[in-house]
2 protein chains.
Amino acid sequence: MVPGGYIAVEDDGIIDGVYTELPEEMANEPITDYGDRLLIPAMNDMHVHAPQYRNQGLAMDLELLPWLQNYTFPEELKYADTAYAERMYSRFVRDLWRYGTMRVVAFASVHLESTKVLMRLLNKAGMGGLVGKVNMNRNCPEALQESVSDARKACDELMREFDRDDSLVRPIMTPRFIPSCTPEMLEACGEMVRKYQLPVQSHLSENHSEIELVKTLEPESKHYADAYNRYGLLGETPTIMAHCVWTDGDELQMLRERGVMVAHCPTSNLNIASGMAPIRRFLDEGIAVGLGSDMSGGHDLSIFRMMVYAVQTSKMHYQRDNSKAFLSLAEAFWIATKSAGSFFGKVGSFEPGYEFDALVIDDKELMIDDSYTLLQRLERFVYIGDDRHITARYCQGRLIPEPEIANNL
Amino acid sequence: MVPGGYIAVEDDGIIDGVYTELPEEMANEPITDYGDRLLIPAMNDMHVHAPQYRNQGLAMDLELLPWLQNYTFPEELKYADTAYAERMYSRFVRDLWRYGTMRVVAFASVHLESTKVLMRLLNKAGMGGLVGKVNMNRNCPEALQESVSDARKACDELMREFDRDDSLVRPIMTPRFIPSCTPEMLEACGEMVRKYQLPVQSHLSENHSEIELVKTLEPESKHYADAYNRYGLLGETPTIMAHCVWTDGDELQMLRERGVMVAHCPTSNLNIASGMAPIRRFLDEGIAVGLGSDMSGGHDLSIFRMMVYAVQTSKMHYQRDNSKAFLSLAEAFWIATKSAGSFFGKVGSFEPGYEFDALVIDDKELMIDDSYTLLQRLERFVYIGDDRHITARYCQGRLIPEPEIANNL
């Protein structure tokens with residue numbers, strides 16, 4: 001932490017350095033003075049379902065599998081309509097912005113055209129994202145199923161439009177999860193990953209019923225992670241797996257060996273009664289981790305709230321098994337920023353060479369007196385602040401204005 | 001739920017009835033039209049430490065007993081200064097108002113004059129509360145200890161000023177907890193309770209180390225609850241005990257038999273790594289319950305957030321022991337309103353004869369389309385709404401304006 005410091009950012013959005021005093025050779029460069037406000041790295045949401053936006057804060061009465069059938073799939077069906085998608089996705093992007101999330105690893109739906117809508121909206125906003133058109137062809141409503149050849153064609157088309165080196169928004173291979181993909185689909189996903197060197201996102205070991213279902217669907221796999229691994233979908237390219245609530249033993253070791261990142265979604269895990277993922281253990285065993293809102297399993301899009309829940313979840317593990325420390329706020333903050341950001345490249349820190357993704361926090365209202373330390377100011381903002389205290393947002397060096405909402409009714 | 005209905009309130013703030021159409025004989029009465037907004041009973045915070053206001057959202061790195069020594073007691077020492085108390089308490093009351101909490105069962109500090117400041121501020125605001133001058137004379141800094149005779153004198157003085165039948169703000173006997181009161185102090189508390197028929201609040205079975213400490217301090221008690229009971233502090237008068245995370249067996253039965261209410265503080269229990277109280281079990285076994293923010297063990301003053309945490313906590317019990325259902329939102333809402341409100345009399349419901357404590361919720365921003373049901377609108381507000389959506393607050397029939405903050409620096 002540098003009180004009253006300077007962050008020097010190059011024209012391309014890359015951080016040159018952090019200085020306690022302004023270096024002489026920069027004396028003539030333009031300066032934005034944020035006074036006594038806090039500057040912190042922007043948030044990264046490593047797991048979120050964009051088409052569940054309308055269901056945010058609803059339907060907290062079921063576990064995972066019936067919840068998907070009753071609430072999630074019926075809403076996702078609406079995304080066959082790109083006008084509906086634009087209306088909802090533009091609000092979703094605005095809300096990410098509002099809560100200071102500048103980069104996102106997102107599920108769209110199975111619909112190619114709507115997925116493009118989301119990617120274009122993120123691009124237009126100037127925010128970064130890995131966005132997955134979902135692949136699924138079983139155990140869901142027929143209208144949400146695609147053929148394997150359509151899945152391949154959609155992937156080719158997304159690569160043609162969005163696979164640009166200078167783009168902040170790119171595709172990510174997204175088999176929904178093992179239960180919704182036949183072996184043929186999973187094989188095709190693996191092939192596309194190899195062909196385009198695409199990153200991968202999916203769900204892993206969230207819920208007991210789901211894990212049992214995977215066992216019957218993929219009896220030759222050692223465990224759930226191995227089912228992805230057998231199709232080339234686990235660490236062949238950068239891979240992120242959401243939840244891992246019940247990941248243990250050989251599955252945990254495989255994640256470490258394959259360099260897979262876990263998207264820890266503590267709020268969702270409580271809301272859908274999945275359980276509490278062993279976040280401290282992931283850290284101790286050298287597993288890469290980030291935080292995810294998992295909206296709408298999670299009800300809150302704020303990654304700051306996810307930090308609070310991650311610390312709380314780690315405390316319940318600590319309380320049951322007193323041998324390990326719980327997460328500190330500094331650790332939760334690191335998970336949400338530098339650790340998560342590594343999935344996008346050099347993102348999530350103010351070190352030289354990193355992209356300047358930043359939030360300006362005006363916490364004056366939260367400072368009852370002037371004796372709070374810098375760390376206490378950050379802690380107060382994380383625990384009791386909200387979007388009202390975020391007064392500016394930067395992604396890759398650019399000041400990001402509030403994204404527009406589409407009112408195409 | 002009555003869509004487009006009318007709530008008729010008498011001049012004394014008592015509800016006459018809820019009508020789907022305006023009764024003819026009321027046609028000439030003054031009407032306040034809130035259009036399509038939601039009207040719900042106001043919130044009751046059944047356990048909160050007012051003098052920990054400055055520490056809200058801080059110091060989440062210790063368990064209960066060291067946390068008290070390192071953070072709580074040093075802050076409470078400042079309340080020997082009534083000017084400091086007024087500055088902090090006026091903000092505390094404003095924040096209760098902001099989050100829609102119209103009645104509170106609060107701990108003040110050991111200081112008589114500062115306690116009066118808090119009670120006068122609540123009175124001035126028009127909000128209701130049972131406020132406890134804390135009794136403590138061991139296991140805390142000497143400057144926070146009082147003599148038994150001073151404790152008696154303070155109680156007499158508070159009764160003289162605040163024991164009025166028409167007052168919304170009244171005293172409650174508040175031995176901090178067994179570890180901070182000698183047997184002589186506990187005996188005196190019991191006597192004052194009998195003398196003035198005062199209600200009682202304290203802490204019970206929050207944390208393992210605390211429970212072990214109580215065993216050594218009160219070896220003749222069957223359990224922690226019995227320690228209070230032996231001094232006439234458990235159900236002789238209306239009694240509320242915070243936490244009860246580890247209450248079980250005979251202790252649980254004693255709470256039921258003595259009609260003691262549990263103030264469930266799920267956020268605090270996670271933050272201080274205490275554990276998860278069996279809230280579903282309390283309901284099933286007929287224990288009275290309410291929700292408490294327990295600021296600053298809890299970081300959030302919103303009782304709506306406490307509902308979310310209560311449901312989540314119940315889901316973790318459900319997940320571990322699949323035999324019992326988790327809390328529904330309706331149950332959590334009932335706990336926070338009608339169940340908690342019963343501690344204040346006929347409060348927390350819109351039934352005839354109840355005091356009109358109400359919030360007006362403008363959830364237009366949260367309604368993405370007009371197909372949400374009334375229950376879904378409430379659910380969305382509870383999960384993702386905040387103080388911005390509360391547009392009017394009533395306590396005992398009176399519209400409560402924003403309380404002023406004291407800037408007496």
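Computed from heavy atoms alone, side chains included, the values below leave out hydrogens, waters and symmetry copies. Chain A is the first sequence line, chain B the second, and so forth, proteins listed ahead of strands; every chain is numbered from 1. The model shown is predicted, which means the values in this text are computed figures rather than measured ones.
Rounded to the nearest 0.5 Å, atoms CZ (B:Arg87) and CG (B:Asn407) are 9.0 Å apart.
Residues A:His243 and A:His47 bring their aromatic ring centres within 6.0 Å.
Contact check for A:Phe304 versus A:Leu291: no side-chain heavy atoms found under the 4.5 Å cut-off.
Both the backbone and the side chain of A:Tyr53 have a heavy atom closer than 4.5 Å to some heavy atom of chain B. Neither the backbone nor the side chain of B:Ser296 has a heavy atom closer than 4.5 Å to any heavy atom of chain A. Residue A:Thr373: no heavy atom, backbone or side chain, is found under 4.5 Å from chain B. Of the two parts of A:Val308, only the side chain, counted from C-beta on, holds a non-hydrogen atom closer than 4.5 Å to a non-hydrogen atom of chain B.
Residues B:Asp370 and B:Arg377 are not paired through a salt bridge, judged by the lack of any N-O separation under 4.0 Å between the basic side chain and the carboxylate. Between B:Asp387 and A:Arg388 a salt bridge is recorded (basic side-chain N to carboxylate O distance below 4.0 Å). Under 4.0 Å is where a charged nitrogen must lie from a carboxylate oxygen, and between B:Glu365 and A:Arg98 at least one such pair does.
Put simply, of B:Gln319, B:Met88, B:Glu63, the one with the most heavy-atom pairs under 4.5 Å next to chain A is B:Gln319. Ranked by heavy-atom pairs shorter than 4.5 Å toward chain A, the options B:His208, B:Met60, B:Gln376 are led by B:Met60. Comparing A:Val311, A:Leu329, A:Ile368, A:Leu327 by heavy-atom pairs within less than 4.5 Å of chain B, the highest count is held by A:Ile368.
Of all residues in residues 268-282 of chain B, those placing a non-hydrogen atom less than 4.5 angstrom from a non-hydrogen atom of chain A are B:Asn269, B:Leu270, B:Asn271, B:Ala273, B:Ser274, B:Gly275, B:Met276.
Judged purely by distance below 3.5 Å, without hydrogens or angles, the side chains of A:Ser302 and A:Asp300 never pair a donor atom with an acceptor atom. A donor atom on one side chain and an acceptor atom on the other are not found under 3.5 Å apart for A:His389 and A:Asp362.
Side chain of A:Arg380 to main chain of B:Leu58: no donor-acceptor pair is present (N/O by atom type, distance under 3.5 Å, no hydrogens or angles).
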